Amino acid sequence: MKLTPRRSRRWTALSAGLLEDLRAWPRRPAIKAEKHNKRQKERNVTTQVSGNKIKQYLSHILEQRTSSNIINKRENLLEKKKNQHKITIKEIQNKDILKRNKNHLQKQAEKNFTDEGDQLFKMGIKILQQSKSQKQKEEAYLLFAKAADMGNLKAMEKMADALLFGNFGLQNITAAIQLYESLAKEGSCKAQNALGFLSSYGIGMEYDQAKVSLGQLHLTGRKGLDQDDYKALYYFLKAAKAGSANAMAFIGKMYLEGNAAAPQNNATAFKYFSVAASKGNAIGLHGLGLLYFYGKGVPVNYAEALKYFQKAAEKGWPNAQFQLGFMYYSGSGIWKDYKLAFKYFYLASQSGQPLAIYYLAEMYATGRGVVRSCRTAAELYKGVCELGHWAEKFLTAYFAYKDGDIDSSLIQYALLAEMGYEVAQSNSAFILESKKANILEKEKMYSMALLLWNRAAIQGNAFARVKIGDYHYYGYGTKKDYQTAATHYSIAADKYHSAQAMFNLAYMYEHGLGIAKDIHLARRLYDMAAQTSPDAHIPVFFALMKLETMYLLQDTLFFNQFTMRWKWLEMDTTIGPCWDLFVIGLIVAGLIFLLRNHHG
């Protein structure tokens with residue numbers, strides 16, 4: 001969702017707070033190997049936790065990662081465990097036996113250590129998926145912190161993200177970078193992506209656009225909310241008992257695809273799809289079509305699949321429309337027909353069906369069934385990319401902004417901006433130019449905002465194109481350049497019919513700023529701005545009143561050829577650069593005086 005932009009004037013060490021209370025963290029008490037698993041099972045995962053406790057774990061993790069590699073920590077732990085078992089060199093005469101025992105003990109202890117970290121991480125994920133309150137989420141992150149302390153890389157990634165995005169008030173960019181850098185050395189693609197993103201904005205580290213490509217290469221996985229299959233199945237079953245055909249169909253879908261909550265079972269899927277289809281449900285009809293198309297639990301039967309897909313497509317179900325398009329595109333059980341394929345792909349794409357959009361892009365890229373257009377294909381491919389789950393980050397970024405957490409909002413919008421989202425590029429630029437963020441130096445904000453406005457403008461954002469003109473007009477983030485400003489205003493006016501751009505361009509023609517002075521063209525552009533947008537009526541009225549008044553005075557008072565050569569631009573030095581606003585003020589005052597006398 002988009003922030004509401006204001007009109008233009010004319011329309012590194014770790015944070016001291018995180019580590020100052022750092023206490024020497026005691027190492028895990030020495031225990032015997034046979035008691036290790038018992039203690040692990042007795043762990044109470046419902047312990048009440050707070051953000052401060054998570055911070056303590058984070059402090060310990062960061063200190064460990066700074067002072068030594070995690071491998072050293074493991075070796076130290078193994079050394080202690082070796083001492084616990086009272087293995088003495090003097091008691092072992094045979095060097096081969098010593099070596100075998102040492103290796104066995106080391107592998108066993110390391111396995112137990114790693115397994116415990118993995119189980120803590122999995123417990124944290126499970127709690128996070130089932131969480132319904134902030135308290136439960138904090139429990140999950142405490143488990144992540146404990147697992148990270150034991151060297152679990154995935155848990156460290158979770159904690160680094162928490163530091164970057166400010167989860168539970170933990171935002172600490174410097175600490176996040178330190179942890180990401182450590183993880184990147186160990187091959188974490190998420191950490192490499194995060195460092196590339198931060199480098200591209202100069203957030204907490206040196207600005208380096210050359211590292212964006214690294215982030216894009218490693219950009220994999222989901223960046224949005226975690227999927228929760230258990231919650232989904234619970235609510236679907238509850239709705240199905242109440243007679244919801246949609247719920248029955250979605251239960252069938254879950255069993256068809258298979259997940260932790262609903263293991264893959266074709267027979268169960270067929271049962272739920274059939275009940276839903278008997279009630280005329282489009283999702284159930286589509287599900288039966290899939291079973292016959294792929295032969296899951298029933299023999300492959302393209303005729304039956306086509307029948308069910310057609311019924312579901314008639315009810316407007318986009319996935320069924322896509323399947324029909326695919327059958328005609330690939331010739332699965334029927335003759336190939338690219339025109340019909342295009343028809344169904346297009347219908348499905350109107351509902352945002354990603355595969356339909358992808359195949360439309362393929363058709364435009366190869367010229368199958370349509371006139372080849374690389375530009376259209378590229379736009380469609382881009383649309384597919386923007387349908388990824390990471391787009392859910394928009395919600396968290398928006399609410400962070402609304403709650404006043406500007407830095408967290410900016411980082412999330414900036415990450416989406418790097419993925420190519422035009423809305424995120426505009427929102428990031430808007431936040432930067434407001435200078436409310438604290439994670440970048442103030443003098444760098446305008447130049448970074450200009451870069452983001454430019455990216456958004458390239459993607460067809462008319463407002464962004466006007467903003468680029470404003471930046472060059474006023475010299476924000478770049479030197480003043482009226483000619484370049486006029487060029488961008490012209491593009492926004494001609495291509496996007498922007499009333500703001502027309503008004504700005506008219507002003508420049510009126511005063512000859514960066515372009516040849518042309519009063520007639522200025523009048524025309526003012527009129528066009530008023531016709532294009534109702535919001536422009538009042539500004540255009542005053543602008544034209546000022547223009548006509550000035551030239552009426554010129555024609556009346558300076559009637560001979562000699563005085564006509566007098567340069568009106570000299571008024572900039574005699575009255576000031578805002579003399580035109582002064583004249584508008586006089587006009588307004590005159591109008592008010594006339595209206596009062598008229599009513600009197």
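Side chains included, hydrogens not; waters and symmetry mates left out as well; all remaining heavy atoms used. Quantities reported herein were computed from a predicted structural model and do not represent experimental measurements.
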Least distance between heavy atoms, [X] atom then [Y] atom:
X	Y	result
M248	A240	CE-O, 3.6 Å
A245	A276	O-CB, 3.5 Å
A262	L233	CB-CD2, 4.4 Å

Evaluate the side-chain proximity of [Y] to [X]: yes if any heavy-atom separation is below 4.5 Å, no if none is.
X	Y	value
Y398	S409	no
N152	L120	no
F273	L256	yes
H286	Y308	no
I177	L164	no
L347	P318	no

**Q.** Candidate pair Y180 and D161, rule side-chain hydrogen bond (donor to acceptor under 3.5 Å, both in side chains), full reasoning
**A.** CA-CA 9 Å; Y180 279 135; D161 289 345; 2.4 Å; yes
**Q.** Heavy-atom neighbours of K279 NZ exceed 12 at 6.0 Å
**A.**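 Correct, the count exceeds 12.
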Q: Look at atom NZ of K126 and say whether more than 12 heavy atoms of other residues, nucleotides or ligands are closer to it than 6.0 Å.
A: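 No, NZ of K126 has 12 or fewer neighbouring heavy atoms, counting only those of other groups under 6.0 Å.
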Q.
Once salt bridge (Lys or Arg N to Asp or Glu O under 4.0 Å) is applied, do any residues pair with E314, and if so which ones, sequence neighbours excluded?
A. none
Q: Would you check, one step at a time, whether the test salt bridge (charged side-chain N to carboxylate O under 4.0 Å, His left out) holds for K146 with E116?
A: CA-CA 10 Å; K146 290 179 179 179; E116 184 173 2; over 6 Å; no
Say you draw a straight line from [atom1] of [X] to [atom2] of [Y]; how long is it, rounded to the nearest 0.5 Å?
X	Y	atom1	atom2	value
N281	K315	CG	NZ	8.5 Å
I411	L416	CD1	CG	12.0 Å
S274	L285	OG	CG	10.0 Å
L380	M363	CG	CE	11.5 Å
L143	Q119	CG	CD	11.5 Å
N246	I251	CG	CD1	11.0 Å

Q: Could you check whether the rings of F293 and F326 sit parallel, tilted or perpendicular, using 30° and 60° as the cut-offs?
A: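 Because their plane-to-plane angle is over 60°, the rings of F293 and F326 count as perpendicular.
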Q: Give me the ring orientation class for F250 and F236: parallel if the planes are under 30° apart, tilted from 30 to 60°, perpendicular past 60°.
A: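 Because their plane-to-plane angle is under 30°, the rings of F250 and F236 count as parallel.
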Q) Do Q264 side-chain atoms and E257 backbone N/O form a donor-acceptor pair below 3.5 Å? A) no
Q. When you measure from the side chain of R372 to the backbone N and O of T366, does any donor-acceptor pair fall under 3.5 Å?
A. no
Q: Check ring-ring contact (aromatic ring centres under 6.0 Å, His included) between Y328 and all other residues, then give those that pass, not counting sequence neighbours.
A: none
Q) Does E157 come within less than 4.0 Å of K154, counting only side-chain N to carboxylate O? A)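 No, this pair does not count.
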Q | Pairs touching residues 335-358 that satisfy side-chain hydrogen bond (donor to acceptor under 3.5 Å, both in side chains), sequence neighbours left out | A | N319-Q353
Q) Ring centres of Y141 and F144 under 6.0 Å apart? A) yes
(Q) Which residue in the set Q425, E418, E422 passes side chain to side chain donor-acceptor pair (under 3.5 Å) when paired with R455? (A)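 For R455, the side chain to side chain donor-acceptor pair (under 3.5 Å) test succeeds with only one of Q425, E418, E422, which is E418.
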